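To start, the structure itself, in structure tokens.
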2 protein chains.
Amino acid sequence: MGLGESDISRLDEIIGRRRKIPKDGLLYRIDDTFTNLYAIRLGHFKTFQLTPNGEQQITGFQMAGELLGMDAISTDRHHCDAVALEDSEVCEIPFNRLEELFGTIPTLLHHFHRMMSQEITREQNVMLLLGNMRAEQRFAAFLVNLSARYAARGYSSTNFQLRMSREEIGNYLGLTIESISRLLSRFKKQNLLRVSNREIEVLEPVNLKAIAAGTETCS
Amino acid sequence: MGLGESDISRLDEIIGRRRKIPKDGLLYRIDDTFTNLYAIRLGHFKTFQLTPNGEQQITGFQMAGELLGMDAISTDRHHCDAVALEDSEVCEIPFNRLEELFGTIPTLLHHFHRMMSQEITREQNVMLLLGNMRAEQRFAAFLVNLSARYAARGYSSTNFQLRMSREEIGNYLGLTIESISRLLSRFKKQNLLRVSNREIEVLEPVNLKAIAAGTETCS
DNA sequence: CGCCGACTTGACATTAATCAAATGTAGTGG
DNA sequence: CCACTACATTTGATTAATGTCAAGTCGGCG
């Protein structure tokens, strides 16, 4: 990210202990006081809010390399729960020490702003998905998004494992578990995907993207 | 916001010209290069993204006192269009000069982080609304949110004018204009609201909040 | 082997969208 | 001031998409 050696080592200094979070373990919960951001080293997480009547709404799935906790800066309290989808590992980044560094490493600050801004645009894309797309398009967009993120991390864009349950996917996409299941079956029948439990193979990435874009339908 | 006099005057120095935007005027459009944040001095705006097939999805309504453009920091290009809902006025804030100030005014930096973080949580709440709520609840939540924001700015929480059309409300809430119209009629019939064109009077704020919370229904 | 939880599939119900018309409102020019 | 137009909103009838309910089936694990 364009930092010099000495900057890196100063950043390293403030990065706190690594912390292992077992599958289903809580990284933080809503209303916890905010002291750390978390960089995911390994594994996957989900973040969710609680609806007024106690159900959960998943607001994102995060993977290794992504940053957790930025929503908490505004009030010094976390605004959602973060739970590990599998055995995972994070680095704690004490936010007040990070802010001190910002004064002396402008590049670091700039990069941090980009990450927050990126989170804003990510969420805007989800709003678009939830507000505008039909079930089939939502689910295709979800798969395309996962695929692109794995590709960006050097993994296969066509073969990957879903770390979340059908229910969690449905929750995230504003659909029921039954709808997700039917969509998977439909995509499978049309030979867009090969599916085995949580193992996904994308057979027709182009068509899948077309469905996500709304250009095409998978009757 | 806890800044000293001299800090304020330094901030004032970098704040660029005021800019008037007429109703329906464009403040910025998607893919414009990013140079300024905009503080709304007067009026209201909407921001929206374009769906892959060219329709718009409104991602937010902003009012005087709020900040526009933070989504553009990540890529130096705007990720949405911003359009004035009425004759409005903004202050341009050159972002690179703002970043220079951050180095010398930590309080300002901290405040800026809070604003970005607040935008993240705002969007998470919209995701909850779109992903979890039924039409009636969405619309009640929308009204309660507007009401609270006007109250926070010293205006009446029960009497205000909608600056956006029914269609824009529907677009934002993932509903059709017909649904919004029917919901307004229903709320009117139940004496929750008095409505005259875009003029709203909230007659039963408590019940409206209960509907937004999902505790109650308005059959 | 048998249980349990996750997932799939089918039948039916409900919500909100779509289509179609009627009504209202603001603005314009006579 | 009024007629007229364009556009926004309301209302009604019908349809389509997705949710709900109810059985199943599959796969992993003790």
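What's counted below: heavy atoms across the whole structure, side chains too, no hydrogens, waters or symmetry copies. Reminder, nothing fancy here: chain letters follow the sequence lines and each chain counts from 1. Source: prediction; values computed, not measured.
Between atom CD of residue A/Gln118 and atom CE of residue A/Met115 there is a gap of 6.5 Å, rounded to the nearest 0.5 Å.
In this structure, B/Asn171 atom CG and D/dT9 atom C1' are separated by 17 Å, rounded to whole Å. With rounding to whole Å, A/Leu130 atom CG is found 15 Å from D/dT18 atom C1'. When rounded to the nearest whole Å, the span between CG of B/Leu193 and C1' of D/dT10 equals 16 Å. When the C1' atom of C/dA26 is taken as reference, atom NZ of B/Lys23 falls 12 Å away, rounded to whole Å. A straight line from CD1 of B/Ile169 to C1' of C/dA16 spans 17 Å, rounded to a whole angstrom. What separates CD of A/Glu136 from P of D/dA16 is a distance of 17 Å, to the nearest Å. Put simply, CZ on B/Phe139 is 13 Å from P on C/dA17, counting in whole angstrom units. When the P atom of D/dT9 is taken as reference, atom CE of B/Met164 falls 12 Å away, rounded to whole Å.
Every residue meeting the side-chain contact (heavy atoms from CB on, under 4.5 Å) condition with B/Ile120, not counting sequence neighbours, appears here in chain and number order: A/Met70, A/Asp71, A/Met116, A/Glu119, A/Ile120, A/Glu123, B/Gln124. Residues passing the side chain to side chain donor-acceptor pair (under 3.5 Å) test with B/Ser156, sequence neighbours excluded: B/Thr158. In this view, B/Pro22 and B/Asp87 satisfy the side-chain contact (heavy atoms from CB on, under 4.5 Å) rule, not counting sequence neighbours. Every residue meeting the side-chain contact (heavy atoms from CB on, under 4.5 Å) condition with B/Glu99, not counting sequence neighbours, appears here in chain and number order: A/His110, A/His113, B/Phe95, B/Phe102.
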Which atom pairs, donor and acceptor, lie under 3.5 Å between side-chain atoms of residues 27-41 of chain B and protein residues at least two apart or in another chain?
residue	atom	partner	partner atom	Å
B/Tyr28	OH	B/Gly69	N	3.4
B/Asp32	OD2	B/Arg29	N	2.9

Only pairs under 3.5 Å count here: list side-chain donor-acceptor contacts from residues 197-212 of chain B, not counting sequence neighbours, and write none if there are none.
residue	atom	partner	partner atom	Å
B/Arg198	NH1	B/Arg163	O	3.4
B/Glu201	OE1	B/Arg194	NH1	3.3

Going by atom type alone, with no hydrogens or angles, which donor-acceptor pairs under 3.5 Å involve a side-chain atom of residues 178-193 of chain A and a protein atom two or more places apart or on another chain?
residue	atom	partner	partner atom	Å
A/Ser179	OG	A/Thr176	OG1	3.2
A/Ser185	OG	A/Ser181	O	3.0
A/Arg186	NH1	A/Glu136	OE1	2.5

Could you pull out all donor-acceptor pairs under 3.5 Å where a side-chain atom in residues 141-150 of chain B meets a protein atom, sequence neighbours excluded?
residue	atom	partner	partner atom	Å
B/Asn145	OD1	B/Arg149	NH1	3.0
B/Ser147	OG	B/Ser157	O	2.7
B/Arg149	NE	B/Glu66	OE2	3.3
B/Arg149	NH2	B/Phe61	O	2.5
B/Arg149	NH2	B/Glu66	OE1	3.0
B/Arg149	NH2	B/Glu66	OE2	3.4
B/Tyr150	OH	B/His44	NE2	2.8

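Residue A/Gly170 is out of contact with every strand shown, counting any heavy-atom pair closer than 4.0 Å.
Looking at B/Arg97, its side chain never comes within 3.5 Å of a backbone N or O of B/Ile14 through a donor-acceptor pair.
Taking five base pairs at each end of the helix from C/dC1-D/dG30 to C/dG30-D/dC1, the local helix axes there meet at an angle of 30°, rounded to 10°.
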- Task: Give the B/S/- string for nucleotides 22-30 of chain D, one per nucleotide from 5' to 3', where a protein heavy atom under 4.0 Å of the base yields B, of only the sugar-phosphate yields S, and otherwise -.
- Result: -----S---

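Along DNA chain C, the nucleotide nearest to A/Arg134 and the one nearest to A/Arg198 differ in position, and the one closer to the 5' end is contacted by A/Arg198.
Under the side chain to side chain donor-acceptor pair (under 3.5 Å) criterion, the residue pairs touching residues 47-59 of chain A are A/Thr47-A/Thr59, A/Thr47-A/Gln62, A/Thr51-A/Asn53, A/Gln57-B/Asn132, with sequence neighbours excluded.
Sorted by residue number, the members of residues 179-192 of chain B with any non-hydrogen atom under 4.0 Å from DNA chain D read B/Ser181, B/Arg182, B/Ser185.
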